[in-house]
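Proteins get letters first, then strands, A, B, ... in listed order; numbering begins at 1 in each. Only this structure's heavy atoms are used, side chains among them; waters, hydrogens and symmetry mates stay out.
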There are 2 protein chains.
Amino acid sequence: MKKDKITIWDVAKLANVSIMTVSRVISKKGKVKESTRIKIQDAIKELHYQPNVAARSLSGSVSYFLGLIYDNPNEAYLNQVLMGALHKCNDYGYNLIISSFESDTDGNYKIDKALIDRAKVDGIIIPPPLCDSLEILSTLTEANIPIVRIAPQTMLDYSPFVCMDDRAAAYEITEYLINQGHKKIGFIVGHPDHGASKLRFDGMKEALTDNGLALNEDYVQQGYFSYKSGSNCAETLLGLEDRPTAIFASNDDMAAAAISTAHKYGLSVPGDISVVGFDDVPLASAIWPKLTTIQQPIMAMAEKAAEFLMYPDPEKEKDNILDYKLIIRDSVAPLARTY
Amino acid sequence: MKKDKITIWDVAKLANVSIMTVSRVISKKGKVKESTRIKIQDAIKELHYQPNVAARSLSGSVSYFLGLIYDNPNEAYLNQVLMGALHKCNDYGYNLIISSFESDTDGNYKIDKALIDRAKVDGIIIPPPLCDSLEILSTLTEANIPIVRIAPQTMLDYSPFVCMDDRAAAYEITEYLINQGHKKIGFIVGHPDHGASKLRFDGMKEALTDNGLALNEDYVQQGYFSYKSGSNCAETLLGLEDRPTAIFASNDDMAAAAISTAHKYGLSVPGDISVVGFDDVPLASAIWPKLTTIQQPIMAMAEKAAEFLMYPDPEKEKDNILDYKLIIRDSVAPLARTY
DNA sequence: TGTTATAGTGTTAACGTTAACATTTTTAAT
DNA sequence: ATTAAAAATGTTAACGTTAACACTATAACA
């Protein structure tokens, strides 16, 4: 009694056309008279027909699969990328295949071509830090697979990408701190392998300079984007004789660590010390006080990346710098003036 | 100069057998003499041959795709499920297709059969809360798609599933609190739609009873697993004339909220009040003080679920209750005795 | 009016694999 | 040595779609 799988043939029969015409309608290629298109679309609806990906993929030049590869970045970051890509894929009838590319101890990536060959993906989305690995990029290019990178820092001419202006964002949040009266600003640098770390540091330094402030080397600590590294850096910063009145951590995890370290020292945040982060991951609003931070449009970047791959268009690809947003919450207080 | 796609034919020619024999080797079905198997496997390696999923899927009865559907559960939870499923899929040459099933305002799920029809998945992994929706389960069953549920709370006979013993875990962590001298224990209930909420509450009550303690209705607050709801409940609990000395929140997000609320009240944790959570999401160790909580084997559950789907085996499926772990960190202090 | 371009449609052969059945080879049993 | 059974391998036709080309109507022009 159960209906068998519905194929393009069933649709063709019902609409009284050939399967090729149906194919033209579903893949939006070639010309079909408006009236027949409607007839066919009605038939598709009536039968609840869904084209079979495997067949389309096998036969045609499009696989309807997009790949997303990742190394172990921040979990929340990955999640955002994932959700963004997923949404867009679902919208356009694509599927997303996710695969981890783990680096060996030397930081080299063993390229597992499985993803590539197995599913014949139409393109691959590459978030950081993978997007800055020449090894990966060249392998993919050789295999002739289109890629779109998310927030790459190097080799910007290598491929289409989407990003935000890290430098400008760091500049803005630093200036915000300065406007609140802070002059002694500690900075926790991000992971040296992530190009964004340098940009954020640059933006911060520039804001300092433009406001007539000098950079105090003691106030700069090298972190690695991890909570742990943030703790260590904050430990050093807060242990300083003449400690900063504000700390700018290059991501939220490290900022959260800084807050927690301050608490441990009996310092109130933002009463005794202000802290700002970067990224606006869920953690940022799950801690107390809630973090003032920069909201990265991570999901939007992933959506755009997916779009670029599904509908390549050199024109659109120039519109690839998305807006960040300064999110003011509770972790910064104006500096009480001291004479 | 570039080599064309390598197919089963190339392997067959190199190994000097028919394509069918090669097929038998790659899909591990049917009998092949050991010596020929080796010959073929060598050829596969030499050519870097990767079977084409689309073709296998189209031709055969196996699609090499597993589905994972989700409603918007806790982000960290989903991430764990995802990683677990992903790992196992990659290990066995499967691909994972992820799709969100959003409920409408009435809490009903509009079943989008796209996932099912489009990719012909071999099975679907269903985490909570979807795994307790009869609507979803019956649709999938009708469509004849194998499913494995993660931590379902109802209709346990409906399908294979993996879970942990929520009741026992809640019992154990409550008893831990009691052993630290706490008698006045506040409890923040989880979302009423998640069956786990009731189990955790039951475990808590049972521990109370077994230790000769009575349940104080004022100490029980209804939360919804969200940070916000945790804040509200903690607000009520801490505002009580005779406030509890410990709070057991049904998940980490709410526990984090409770800690943050305590801080806002000028209460030290765990000095003035102890807090425990449930789940051990990353947040649990990213806040200060670090949360004492129950570690759910979420990733392991997802891995097991994927395995069940890829290699169904009624025997193995009986071994489906995974171990939790009480993680003792810094958010609980023994109760100072007061006479 | 015929010619020519073009919009619209159809036919057939791939795509790379597995299912189902067919055949050959090996082993075991008399 | 003969036969039956089992093991190993091969042949062929799907699977559902699109590419490439072939064809037929319609429109546009001289």
Side-chain angles (χ1 to χ4, degrees), chain A residues 3-41 43-44 47-65 93-95 116-122, chain B residues 3-41 43-44 47-65 93-95 116-122:
Chain A
K3 271 178 210 160
D4 250 353
K5 206 136 266 152
I6 292 161
T7 77
I8 201 169
W9 282 100
D10 302 310
V11 179
K13 211 189 303 167
L14 182 59
N16 211 27
V17 293
S18 77
I19 52 166
M20 201 49 223
T21 307
V22 178
S23 173
R24 288 196 181 90
V25 170
I26 55 187
S27 46
K28 292 170 185 155
K29 273 182 191 166
K31 329 212 157 186
V32 180
K33 207 204 284 180
E34 190 55 23
S35 61
T36 32
R37 174 191 313 285
I38 290 170
K39 208 168 50 178
I40 291 171
Q41 269 162 347
I44 289 178
L47 296 172
H48 291 111
Y49 165 73
Q50 285 276 135
N52 176 312
V53 229
R56 299 183 81 175
S57 168
L58 183 57
S59 166
S61 50
V62 182
S63 77
Y64 297 94
F65 280 102
Y94 271 67
N95 291 110
I116 304 166
D117 298 334
R118 268 209 312 248
K120 243 177 75 182
V121 293
D122 296 330
Chain B
K3 270 178 211 161
D4 251 352
K5 206 134 267 152
I6 292 162
T7 76
I8 200 170
W9 282 100
D10 302 309
V11 179
K13 210 189 302 166
L14 182 60
N16 211 28
V17 294
S18 77
I19 53 165
M20 200 50 223
T21 307
V22 178
S23 173
R24 288 198 180 91
V25 170
I26 56 187
S27 47
K28 292 169 186 157
K29 273 181 190 167
K31 329 208 159 184
V32 180
K33 207 204 286 179
E34 190 55 23
S35 60
T36 35
R37 173 191 313 286
I38 290 169
K39 208 169 49 179
I40 290 171
Q41 270 163 345
I44 289 178
L47 297 172
H48 293 112
Y49 165 73
Q50 284 277 135
N52 176 313
V53 229
R56 301 183 80 175
S57 169
L58 183 58
S59 165
S61 50
V62 181
S63 78
Y64 298 93
F65 281 103
Y94 271 67
N95 292 110
I116 303 164
D117 298 333
R118 269 210 309 251
K120 244 178 74 181
V121 294
D122 296 331

Practice task
For T7(B), enumerate each residue passing the side chain to side chain contact (heavy atoms under 4.5 Å, CB included) test, keeping only those at least two apart in sequence or located in another chain.
Solution key: W9(B), D10(B)
Report, one line per pair, each donor and acceptor closer than 3.5 Å where one atom sits in a side chain of residues 22-38 of chain A; sequence neighbours left out.
unit_1	atom_1	unit_2	atom_2	d
S27(A)	OG	S23(A)	O	2.7
T36(A)	OG1	K33(A)	N	3.4
T36(A)	OG1	K33(A)	O	2.7

Completion exercise
Taken to the nearest whole Å, NZ/K31(B) to P/dT9(D) is 12 Å
Handout entry: Between P of dC23(D) and CE of M20(A), the distance in whole Å
Key = 17 Å
Handout entry: Spacing of Q50(B) atom CD and I6(B) atom CD1 [to the nearest 0.5 Å]
Key =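 Between atom CD of Q50(B) and atom CD1 of I6(B) there are 10.0 Å.
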Exercise for the section: Measure the spacing between NZ of K13(A) and CD1 of I8(A) and express it to the nearest 0.5 Å. Expected result: 13.5 Å
Fill in the blank from the handout: Nearest-nucleotide check on DNA chain C, S35(A) vs W9(A); residue mapping nearer the 5' end is S35(A)
Handout entry: Of Y64(B) and V32(A), the one whose closest DNA chain C nucleotide lies more 5'
Key =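 Taking each residue's closest nucleotide, the earlier one in sequence belongs to V32(A).
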Completion exercise
As a check of understanding: the bend across the helix from dT1(C)-dA30(D) to dT30(C)-dA1(D), end axes from five pairs, rounded to 10 degrees, works out to 30°
Problem - First of G60(B) and G30(B) reached from the 5' end of DNA chain D, by closest nucleotide - result: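 Comparing both residues, the 5'-ward one is G30(B).
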Considering every strand and a 4.0 Å limit on heavy-atom distances, what is the contact class for [X]: base, sugar-phosphate, or nothing?
X      : value
K33(A) : sugar-phosphate
Y49(A) : sugar-phosphate
V62(A) : nothing

Considering non-hydrogen atoms only, spot the tightest contact between [X] and [Y] and give its length.
X      : Y      : value
A54(A) : S57(B) : CB-OG, 3.5 Å
V53(A) : S63(A) : CG1-O, 3.9 Å
V11(B) : I44(B) : CG1-CG1, 3.8 Å

Problem - Validation row: F65(B), N95(A) side chains within 4.5 angstrom (heavy atoms) - result: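 A side-chain contact is absent here, since even the closest heavy-atom pair is not under 4.5 Å.
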Problem - Whether D122(A) side chain and Y64(A) backbone form a donor-acceptor pair below 3.5 Å - result: yes
Exercise for the section: Would you grab the first and last nucleotide of DNA chain C (5' to 3') that comes under 4.0 Å of any non-hydrogen atom in chain B? Expected result: dG16(C) to dA20(C)
